[in-house]
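Right, one structure below, let's go through it.
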Amino acid sequence: MTLADAHGDVLCGLQVVETAIAVTSNIVGEKLEVSKDMDTYVRKLPLGPFLHIPALPLTFLFIIIPLWTIPLATVTGNTLILKPSERDPGAAKITAELCAHAGLPEGIVNAVHGTAPVVNRICDHGAIKAVSFVGGRLSRKTYTRGEATKKSKRAQANLSVKNYAIIPDANKNLALNSIIGAAFGAAGQKCMEVSVAVLVGAAQSWLPELVKRASKLNWPLISPASKARVTGLIAPCADEGGRIHLDGRNIQVPGYSAGNFVGPTVLEGTVGMRCYREEIFGPVLTVTTSDTLDDALDIINENKYGNARKFESGVHVGQVNINVLIPVALPSLRKQ
């Protein structure tokens with residue numbers, strides 16, 4: 001993440017704060033006369049203490065994820081325990097300190113550090129009423145399904161994802177630059193990164209140019225473990241019958257011989273390959289092809305992580321971006 005991207009990150013978080021400030025008209029409750037001599041009342045009351053776990057080691061959304069919950073939780077009368085990723089807790093810690101500096105009473109927002117045992121202990125506590133989680137599928141089983149829901153606590157889980165870019169007839173330069181920024185920016189360590197590109201029809205010939213442009217980028221991963229995981233998911237591609245058009249596993253950055261660098265990697269594969277099925281969370285783009293837009297829609301709809309006016313109504317997923325690769329204010333992407 002660049003400094004300009006971080007500024008955009010903060011601005012997105014402030015938009016949530018502004019929404020929370022205007023929440024009063026949404027929490028007044030309702031009254032409905034359902035029949036003679038019978039009224040129905042809706043009273044919106046605080047839920048109580050809840051736990052928020054932004055578990056992904058993100059170089060992106062450092063501030064946005066805590067600000068998804070802190071403003072809305074506090075203005076509706078709840079308290080919150082924030083358990084950031086143990087691999088990059090700094091921004092969440094600063095956010096909690098700023099809450100105290102802004103005048104929030106002690107105990108309203110609490111930052112707690114630790115790994116799975118700490119989370120499980122908090123989930124076990126009877127006072128915790130709900131858990132909000134952002135992270136991978138395996139962590140979800142521990143933090144939410146394995147703990148919170150077993151104890152009849154409310155659980156919200158934002159999980160693993162495969163985001164698609166469908167490229168039919170389009171402006172070639174704009175499309176390629178957009179894919180590169182969305183797939184490889186911040187080393188692909190974004191929960192809305194594009195990890196699969198489906199080249200439709202004539203766009204299939206754009207693959208060599210995509211590889212050429214991507215080869216000019218370098219980003220570090222967040223840790224040696226992240227690097228090992230990403231490179232481990234690249235390796236099976238060739239063994240499973242795919243092609244590695246651009247291999248970033250052995251990239252060397254002068255002056256950073258011990259760095260966690262993986263260069264942009266472009267794989268060509270099919271839906272049965274591991275690089276296609278699993279969330280990689282790194283600068284790896286899997287490219288597949290389709291003859292028609294209808295076939296491309298089928299590819300998305302058949303994937304368990306599917307997240308990608310004929311396209312809008314034909315794709316059956318929760319979030320659809322059209323002509324926008326990442327729907328957040330990242331200055332590095334605005335130039336495209």
Side-chain angles (χ1 to χ4, degrees), residues 8-55 61-84 91-112 119 122-135 140 143-145 147-159 191-192 307 312-313 317-321 324 327-329:
D9 194 13
V10 172
L11 290 176
C12 285
L14 291 177
Q15 291 175 350
V16 181
V17 175
E18 292 174 350
T19 299
I21 292 172
V23 77
T24 50
S25 61
N26 295 320
I27 60 175
V28 293
E30 301 172 4
K31 176 184 177 182
L32 178 66
E33 185 178 355
V34 295
S35 65
K36 184 179 179 180
D37 300 326
M38 183 177 293
D39 295 335
T40 296
Y41 293 88
V42 176
R43 293 191 178 95
K44 298 182 179 181
L45 304 175
L47 184 62
F50 75 94
L51 172 65
H52 178 50
I53 315 164
L61 296 176
F62 269 140
I63 297 296
I64 294 179
I65 292 181
L67 289 182
W68 283 347
T69 52
I70 291 174
L72 296 171
T74 54
V75 300
T76 52
N78 300 282
T79 58
L80 180 141
I81 296 175
L82 175 64
K83 207 303 290 183
K93 176 178 180 292
I94 293 171
T95 303
E97 292 172 347
L98 290 173
C99 289
H101 183 71
L104 259 67
E106 184 176 347
I108 300 298
V109 175
N110 312 271
V112 177
V119 174
I122 297 173
C123 285
D124 285 342
H125 199 286
I128 298 296
K129 302 301 181 184
V131 178
S132 176
F133 171 77
V134 180
R140 180 276 312 267
Y143 292 156
T144 54
R145 178 178 293 178
E147 295 297 328
T149 56
K150 285 182 179 179
K151 298 172 177 62
S152 300
K153 302 177 189 291
R154 300 185 189 187
Q156 175 195 58
N158 299 280
L159 308 174
C191 55
M192 287 186 287
N307 204 34
E312 180 182 350
S313 60
V317 298
Q319 175 175 303
V320 179
N321 306 322
V324 176
V328 292

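- Residues Pro71 and Pro66 come closest through the heavy atom pair CD-O, 4.2 Å.
- The shortest side-chain heavy-atom distance between Ile27 and Val75 does not fall under the 4.5 Å cut-off.
- Of all the heavy atoms in Lys129 and Leu47, the pair that sits closest is CG-O, 3.3 Å.
- A donor-acceptor contact shorter than 3.5 Å links the side chain of Lys44 to the backbone of Asn26.
- The distance from atom CD1 of Ile53 to atom CD1 of Ile122, rounded to the nearest 0.5 Å, is 7.5 Å.
- Here the OG1-CD distance, from Thr40 to Glu30, works out to 10.5 Å after rounding to the nearest 0.5 Å.
- Side-chain atoms of Leu51 and Cys123, non-hydrogen and from C-beta on, do get closer than 4.5 Å to each other.
- Atom-to-atom distance recorded for Ser132:OG and Leu82:CG is 10.5 Å, nearest 0.5 angstrom.
- The two atoms that bring Phe50 and Ala130 nearest to each other are CB-O, 3.1 Å, heavy atoms only.
- Scanning both residues, Ser25 and Ala22, for their nearest heavy atoms gives OG-O, 3.8 Å.
- Within the structure, every pair that satisfies the salt bridge (Lys or Arg N to Asp or Glu O under 4.0 Å) test and touches residues 93-112, not counting sequence neighbours, is listed here: Lys93-Glu97.
- For Thr76, the side chain to side chain donor-acceptor pair (under 3.5 Å) partners are Asn78, not counting sequence neighbours.
- Across all their heavy atoms, Pro46 and Gly77 have their closest contact at CB-O, 3.4 Å.
- Taking both residues in full, the closest heavy atoms of Lys153 and Ile128 are given as NZ-O, 2.7 Å, listed atom of the first, atom of the second, then distance.
- Separation of atoms OG1 (Thr79) and CG (Leu104) is listed at 11.0 Å; rounding is to 0.5 Å.
- Proximity of a side-chain donor or acceptor of Asn110 to a complementary backbone N or O of Leu80 within less than 3.5 Å is detected.
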